[in-house]
Trainee: 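The structure follows.
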Amino acid sequence: MAATAGIMNGSQLRVSFADDGSAPVLVDNLTDLSVSFSTETRDTTTKNNGGYRAILPGLKTLTVTFSAFYAADATNGYEELFADMEAGTKLDVTIASHQQSDDAEIDDDMDIDFEAYCTSLELSAGTEDNASYTATFECVTDPTFTASA
């Protein structure tokens with residue numbers, strides 16, 4: 001299938017992860033996804049800046065946060081992330097666009113691939129509500145951006 005035309009439906013964007021060196025597997029029951037790139041700054045202000053702050057770029061950060069419904073029988077979910085977090089396992093992570101009907105990746109849409117650690121994992125279970133969890137991945141390598149094939 002060709003690249004997504006026009007404004008993308010947010011439901012198409014999915015996150016996959018697996019132990020370092022393995023092929024990433026889609027997160028089951030995903031409900032929300034946030035991908036955040038940022039650059040820290042270094043202060044280079046001197047008396048010659050006329051009272052204005054001067055900066056230069058510093059460290060870059062890529063953080064991915066997502067929420068999903070908890071299912072004990074999930075193929076790739078809370079329990080797998082908990083085990084990886086406990087063991088300090090580095091993960092291969094992919095953010096990609098997928099068909100909603102059959103989870104097939106959409107050709108020519110941009111993929112983001114990187115290695116990361118799961119640095120936060122929170123399970124929520126309200127009375128008579130769906131159990132869900134939120135996870136945070138923090139990137140530890142230079143991310144690559146490629147068109148899926």
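These numbers come from the heavy atoms of this one structure, side chains and all, not from hydrogens, waters or symmetry mates. The residues of the chain are indexed from 1 along the displayed sequence.
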Trainee: How close do Ala68 and Thr31 get, counting heavy atoms only, and between which atoms?
Mentor: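 Looks like N-OG1, 3.8 Å.
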
Trainee: Is there a continuous path of hydrophobic side-chain contacts, each under 4.5 Å between heavy atoms, that joins Tyr117 to Leu91?
Mentor: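 No, no single cluster joins them.
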
Trainee: Tell me whether Ile106 is reachable from Val35 by hopping between hydrophobic residues (I, L, V, M, F, W, Y) whose side-chain heavy atoms are closer than 4.5 Å.
Mentor: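 No, because Val35 and Ile106 fall into different hydrophobic clusters, even though each may have its own neighbours under 4.5 Å.
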
Trainee: Side chains of residues 73-85: which donor-acceptor partners sit under 3.5 Å, not counting sequence neighbours?
Mentor:
{"unit_1": "Asn76", "atom_1": "ND2", "unit_2": "Phe17", "atom_2": "O", "d": "2.9"}
{"unit_1": "Asn76", "atom_1": "ND2", "unit_2": "Val25", "atom_2": "O", "d": "2.7"}
{"unit_1": "Glu79", "atom_1": "OE2", "unit_2": "Tyr70", "atom_2": "OH", "d": "2.6"}
{"unit_1": "Glu80", "atom_1": "OE1", "unit_2": "Gly77", "atom_2": "N", "d": "2.8"}

Trainee: Given the rule that I, L, V, M, F, W and Y join up when any side-chain heavy atoms are under 4.5 Å apart, are Leu121 and Leu33 in one cluster?
Mentor: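 Same hydrophobic cluster.
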
Trainee: Under a 4.5 Å side-chain heavy-atom rule over Ile, Leu, Val, Met, Phe, Trp and Tyr, are Ile112 and Leu26 clustered together?
Mentor: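 Different clusters.
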
Trainee: For the hydrophobic clusters of this structure (ILVMFWY residues joined by side-chain heavy atoms under 4.5 Å, transitively), does one cluster hold both Ile95 and Phe37?
Mentor: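 Same hydrophobic cluster.
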
Trainee: Nearest 0.5 angstrom please: Thr46 OG1 to Asn48 CG, how far?
Mentor: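 Reported to 0.5 Å precision, the distance equals 4.0 Å.
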
Trainee: Would Asp43 and Thr45 count as having a side-chain donor-acceptor pair, cut-off 3.5 Å?
Mentor: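 Asp43 vs Thr45: donor-acceptor pair found between side chains.
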
Trainee: Closest approach of Ala71 and Asn29, non-hydrogen atoms and distance?
Mentor: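 Closest approach of Ala71 to Asn29, heavy atoms only: CB-ND2, 3.6 Å.
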
Trainee: Would you say Arg14 and Ser16 make side-chain contact, with heavy atoms under 4.5 Å?
Mentor: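 Of all side-chain heavy-atom pairs linking Ser16 with Arg14, none is under 4.5 Å.
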
Trainee: Between Ala96 and Asp111, which heavy-atom pair has the shortest distance, and what is it?
Mentor: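 The pair with the smallest heavy-atom distance is CB-OD1, 3.3 Å.
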
Trainee: Could you tell me which non-hydrogen atom of Ala18 sits nearest to which non-hydrogen atom of Pro24, and how far apart they are?
Mentor: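 Closest approach of Ala18 to Pro24: CB-CA, 3.7 Å.
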
Trainee: List, one per line, each side-chain donor-acceptor pair under 3.5 Å for residues 52-66, sequence neighbours excluded.
Mentor:
{"unit_1": "Arg53", "atom_1": "NH2", "unit_2": "Thr41", "atom_2": "OG1", "d": "3.3"}

Trainee: Could you measure the distance from the CG atom of Asp109 to the CD atom of Gln12? Nearest 0.5 Å is fine.
Mentor: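 Reported to 0.5 Å precision, the distance equals 6.5 Å.
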
Trainee: Which atom names give the shortest non-hydrogen contact between Thr146 and Asp113, and what distance separates them?
Mentor: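 In this case the closest contact between Thr146 and Asp113 is OG1-OD2, 3.8 Å.
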
Trainee: Donor-acceptor pair, distance only, cut-off 3.5 Å: does the side chain of Thr141 make one with the backbone of Glu115?
Mentor: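 Side chain of Thr141 to backbone of Glu115, a donor-acceptor pair under 3.5 Å: yes, one is there.
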
